[in-house]
Amino acid sequence: MALRGTAATSAPAATGNTVTAVSFTMEFPTTPMAGAALAIVRRSEAEAIVNHSARSFFFAELLAIHEGLHHDSGYDRELLFAATVMHDLGTGALAPGRARFEVEGADLAAEVLAEHRVPQADIARVWEAIALHTSPGIAERRGLLAYLTAEGSKMDIGFNAPVTASYQAAIHAAYPRLRMVRTLTDAIVDHAARSETAAPIYSMGQQFALERRESGATQLERLAAGLIPWGE
């Protein structure tokens, strides 16, 4: 599995003996499950985080096209939508604050999928992708869905930005940033403060809370201020 790239918007996909082009589209899946996933994030998350999640899906799609992964046996567009759009559910109002936000988000997403009778094996893949999306060095070794979910969310904070070049302006116009980095950091720190088990040692929640206490800003916020090509 390739892990890096520059820029492209389509790639060949094998269908039997025919090779067809896969094109990027700014349209969400229209199944009831996809609708439920979008509804729960809109109901429970700040708008800036909802938009971040939508952009993460589009950026993950662009990466999959760039790396020719649409014909991979592990690729499923609807599951990718579910994982990327719901990957920060643990920062929202529905998370109970008893475990780290990645795990609580994964649990909430699994409930949505179960309600729509998604096969248990696919629920497990989405759960793992969400739970591991802040675990670089691990997510990319846990299958294509986990890889794309983690990379899509990272691309929205500027990693691998050249892959998004042809579409990032349109994506940002449709789903503006709204100071996403600050809003998401606030939500993670707030979640971490809800209980000791919500921010175990070395978790992102614990690290963000520590950095905020020590210097008033996290490394991610400083990165956004200086390096992310489109700001926070």
Side-chain angles (χ1 to χ4, degrees), residues 1-15 19-42 45 48-89 105 109 112-113 118 122 125-126 128-130 132-134 136 139-140 142-177 180 184 228-230:
M1 179 184 295
L3 296 182
R4 291 291 182 270
T6 52
T9 57
S10 64
T15 55
V19 176
T20 58
V22 176
S23 298
F24 175 73
T25 175
M26 281 182 59
E27 296 180 1
F28 293 151
T30 57
T31 61
M33 184 273 280
L38 190 57
I40 194 173
V41 301
R42 285 177 168 165
E45 296 176 4
I49 301 175
V50 175
N51 288 0
H52 159 65
S53 299
R55 292 191 305 268
S56 295
F57 169 64
F58 292 133
F59 290 160
E61 280 264 275
L62 287 169
L63 183 64
I65 291 170
H66 175 77
E67 295 187 348
L69 300 173
H70 280 74
H71 60 277
D72 189 286
S73 61
Y75 179 80
D76 185 307
R77 188 172 190 262
E78 189 172 6
L79 293 184
L80 179 60
F81 179 79
T84 51
V85 165
M86 295 192 286
H87 81 272
D88 278 331
L89 265 181
V112 172
L113 301 186
V118 173
D122 289 338
R125 290 174 62 200
V126 172
E128 186 173 52
I130 294 173
L132 293 177
H133 82 270
T134 63
E140 59 265 38
R142 296 304 304 161
L144 183 57
L145 183 61
Y147 167 64
L148 290 175
T149 300
E151 291 300 307
S153 65
K154 286 166 57 182
M155 288 167 74
D156 194 45
I157 55 173
F159 290 86
N160 225 353
V163 175
T164 73
S166 296
Y167 288 96
Q168 68 89 5
I171 292 169
H172 279 108
Y175 299 93
R177 298 194 72 80
M180 179 278 293
L184 180 58
I228 294 177
W230 39 71

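Heavy atoms only: backbone and side chains are in, while hydrogens, waters and symmetry mates are out. Here the structure is a predicted model, which means the values were calculated and not measured.
In this structure, the separation between OG on S153 and NE2 on H133 is 5.0 Å, given to the nearest 0.5 Å. Taking CG of N160 as the start and CG of L62 as the end, the distance is 10.5 Å to the nearest 0.5 Å.
Residue pairs meeting the side-chain hydrogen bond (donor to acceptor under 3.5 Å, both in side chains) criterion with at least one partner in residues 26-38, sequence neighbours excluded, are T31-E78.
Among residues two or more places apart in sequence or in another chain, the side-chain hydrogen bond (donor to acceptor under 3.5 Å, both in side chains) test is passed with E45 by none. A37 is linked by a side-chain contact (heavy atoms from CB on, under 4.5 Å) to F81, M86, counting only residues two or more places apart in sequence or in another chain. Qualifying side-chain contact (heavy atoms from CB on, under 4.5 Å) partners for R77, counting only residues two or more places apart in sequence or in other chains: T25, P29, F57, E61, Y75. R55 pairs by the side-chain contact (heavy atoms from CB on, under 4.5 Å) definition with N51, H52, F59, D156, I171, H172, Y175, R177, M180, not counting sequence neighbours. Judged as a salt bridge (Lys or Arg N to Asp or Glu O under 4.0 Å), and not counting sequence neighbours, D76 has no contacts.
The heavy-atom pair separating S53 from D88 by the smallest distance is OG-CB, 4.5 Å. In this structure, L145 and L80 approach most closely via the heavy-atom pair CD1-CA, 3.6 Å. Among all heavy-atom pairs drawn from V41 and V50, the shortest one is O-CG2, 3.4 Å. Nearest approach of A109 to I130, heavy atoms of both residues: CB-CD1, 3.5 Å. Closest approach of L113 and A82 over heavy atoms only: CD2-CB, 4.1 Å.
Annotation: Y167 is in aromatic contact with F24 [ring centroid separation under 6.0 Å].
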Next item on the list: Test side-chain contact (heavy atoms from CB on, under 4.5 Å) on V126 and D122 and set out the steps.
Entry: CA-CA 6 Å; V126 172; D122 289 338; 5.7 Å; no
Item checked: Trace of the side-chain contact (heavy atoms from CB on, under 4.5 Å) decision for F159 with E151 -> CA-CA 8 Å; F159 290 86; E151 291 300 307; 5.7 Å; no
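In this structure, R125 contributes its side chain and G74 its backbone to a donor-acceptor pair below 3.5 Å. For the pair T164 (side chain) and A161 (backbone), a donor-acceptor distance under 3.5 Å is present.
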